[in-house]
Amino acid sequence: CADSAMYYAKESGRNNYQFFTTELNVRAQHRYALEKNLRRALADQEFLVYYQPKICLKTSRIVGAEALIRWQMPDIGIIAPNEFIPISEEIGLILPIGRWVLEQACRQTRLWRETLAPDLVVSVNISPRQFQDPGLSKFIQQALDEAGLPAQGLQLEITEGLLMGEADMLLPVFNAIKDLGVSISLDDFGTGFSSLSYLQRFPIDNLKIDRSFIRDIPENHDSVILTNAIIAMANALGMSVTAEGVEKADQMFFLADSGCQQMQGYYFSRPVPVDEFEKLLAANKA
Ligand code: C2E
Ligand code: MG
Ligand code: MG
Ligand code: MG
């Protein structure tokens with residue numbers, strides 16, 4: 001179809017306009033199909049939550065889990081969140097999807113805390129659109145109550161991008177969440193473009209150093225300096241630090257020596273389905 005559009009554009013000489021309108025149509029149709037599929041996926045419960053362990057660098061034990069959504073599409077397989085979360089955010093579908101993840105994660109974590117890991121903390125990613133939803137803190141309280149999970153068992157991960165712009169309007173939301181006893185982590189830290197002053201203005205408990213810094217330690221001198229600086233700053237401000245994307249033993253040793261509290265990454269485990277995470281927890285307990 002794109003080929004015939006190209007041909008048509010050539011045929012019509014300097015007038016490329018037709019080519020672009022055709023391509024836009026193709027894209028709009030593709031998008032429309034994706035939107036339709038997403039709405040159906042929610043109704044038909046095609047989403048799954050995977051869990052990736054967070055490891056305490058002092059004790060080498062699993063202390064937390066990040067809940068990461070997957071889309072199990074019939075006949076197609078598992079689809080990664082980057083393929084559908086941004087569009088869900090655009091069309092507002094992230095609100096029901098996000099609520100579903102939160103409910104699942106709270107229930108699952110309550111079960112794990114009862115059986116295998118009494119202090120396990122689950123982290124749930126919250127997109128900007130969800131954070132701007134005035135009903136968020138009320139819904140969190142409800143999800144905790146329904147699951148029987150104490151607030152200390154839940155952490156929210158938000159990205160720096162959220163804090164750009166009219167950030168002052170978000171302060172009451174932060175405070176409401178903190179009042180519940182739920183902790184807040186700043187995800188992909190170091191990749192946003194907002195000012196560091198928000199670390200003072202908002203009640204943030206944990207910084208999650210972006211994978212791009214971790215990737216090149218300990219070989220790359222600049223990455224080492226930046227990672228050390230982030231850890232020192234966070235700890236001095238009373239925040240804990242989690243390193244994401246840890247793939248090698250060298251990175252783990254470096255982080256343990258640098259005062260970083262937690263790590264997460266393929267080195268220990270990829271995100272896994274519930275039954276596999278349970279095996280990790282059982283081994284962790286033994
Ligand atoms: P994120 O919150 O930064 O999650 C970490 C991502 O890094 C995950 O990708 C995880 O699989 C991947 N990762 C973990 N360890 C390693 C490693 O050692 N090496 C490499 N190369 N990658 C690693 P995933 O699961 O594909 O999720 C991508 C993004 O989608 C997440 O980034 C998050 O922003 C978003 N997301 C996932 N689940 C949800 C959700 O329930 N709600 C919302 N709003 N966003 C979600
Ligand atoms: Mg995250
Ligand atoms: Mg992250
Ligand atoms: Mg990331």
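Note that the structure is predicted; figures quoted are calculated from it, not measured. Each ligand, and each atom within it, is numbered from 1 in the order the structure gives.
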Side chain, backbone, both or neither: which part of Arg70 has a heavy atom under 4.0 Å from ligand 1? side chain
Name whichever N, O or S atom of Glu157 ends up nearest to the Mg ion (ligand 2). OE1
Side-chain donor-acceptor pair under 3.5 Å between Gln264 and Lys208, yes or no? yes
If you take the nearest heavy atom of each of Ile69, Val124, Ile79, which one is closest to atom 39 (C) of ligand 1? Ile69
Any salt bridge between Glu247 and Arg215, counting N to O under 4.0 Å? no
Degrees at the Mg ion (ligand 3) between the OE1 atom of Glu244 and the OD1 atom of Asp188, nearest 10°: 110°
For Phe47 and Phe84, I'd like to know if the aromatic rings sit close, meaning centre-to-centre distance below 6.0 Å. yes
If the plane angle is over 60° it's perpendicular, under 30° parallel, otherwise tilted; pick one for Tyr51 and Trp112. perpendicular
Identify whether the distance between the nearest side-chain nitrogen and carboxylate oxygen of Lys54 and Glu66 falls below 4.0 Å. no
Please compare Asp210, Asp188, Ile97 and report which has the shortest non-hydrogen distance to atom 3 (O) of ligand 1. Asp188
With hydrophobic residues grouped by side-chain heavy-atom distances under 4.5 Å, do Leu199 and Leu171 end up in a single group? yes
Using a strict 4.0 Å cut-off to heavy atoms of Glu244, name the atoms of ligand 1 that fall inside it. 3 (O)
Of the side chain and backbone of Glu66, name the one, both, or neither that has a heavy atom under 4.0 Å from an atom of ligand 1. side chain
Measure Arg211 to ligand 1 on non-hydrogen atoms and call it side chain, backbone, both or neither using the 4.0 Å cut-off. side chain
Over all atoms of both residues, closest heavy-atom pair of Asn206 and Ser185: OD1-OG, 2.9 Å
For a quick test of reading the model, state the closest non-hydrogen atom pair linking Asp222 to Asn220 and the distance between them. N-OD1, 2.9 Å
Tell me, please, if Thr159 has any N/O/S atom, main chain or side chain, under 2.8 Å from the Mg ion (ligand 2)? no
Would you check whether Gln264 has a nitrogen or oxygen atom less than 3.5 angstrom from a nitrogen or oxygen atom of ligand 1? no
For Gly265, take its heavy atoms, then give the atoms of ligand 1 lying under 4.0 Å from any of them. 15 (N), 18 (O)
With respect to the Mg ion (ligand 2), what is the nearest N, O or S atom of Glu66? OE2
Using a 4.0 Å heavy-atom cut-off, which part of Val49 comes near ligand 1: side chain, backbone, both, or neither? neither
Suppose I only count heavy atoms of Glu247 and a 4.0 Å limit; which atoms of ligand 1 are within that range? 17 (C), 18 (O), 19 (N), 20 (C), 21 (N)
Counting heavy atoms only, name the option from Pro81, Gly245, Ala243, Pro86 that's nearest to atom 36 (N) of ligand 1. Pro81
Heavy-atom contacts with Gln130 under 4.0 Å: which atoms of ligand 1 show up? List them by number with element. 44 (N)
Which of the ligand 1 atoms, numbered from 1, are nearer than 4.0 Å to a heavy atom of Gln52: 14 (C), 15 (N)
Below 2.8 Å, any N, O or S contact between Asp187 and the Mg ion (ligand 3)? yes
Flag for Asn228-Ser258: side-chain donor and acceptor within less than 3.5 Å: yes
Under a 4.0 Å heavy-atom limit, does Lys208 contact ligand 1 with its side chain, its backbone, both, or neither? neither
In terms of side-chain heavy atoms, does Ser123 have a donor or acceptor partner in Gln155 at a distance below 3.5 Å? yes
I need the minimum non-hydrogen distance between Ala234 and Val241, along with the two atoms involved. CB-CG2, 3.4 Å
Compare every heavy atom of Glu90 with every heavy atom of Arg129, then report the nearest pair and how far apart it is. NH1-O, 3.4 Å
Does either side chain, that of Gln141 or that of Asp145, offer a donor lying less than 3.5 Å from an acceptor on the other one? yes
Can you find an N/O atom of Pro271 closer than 3.5 Å to an N/O atom of ligand 1? no
Interfacing atoms of ligand 1 (cut-off 4.0 Å, heavy-atom, Ser127): 44 (N)
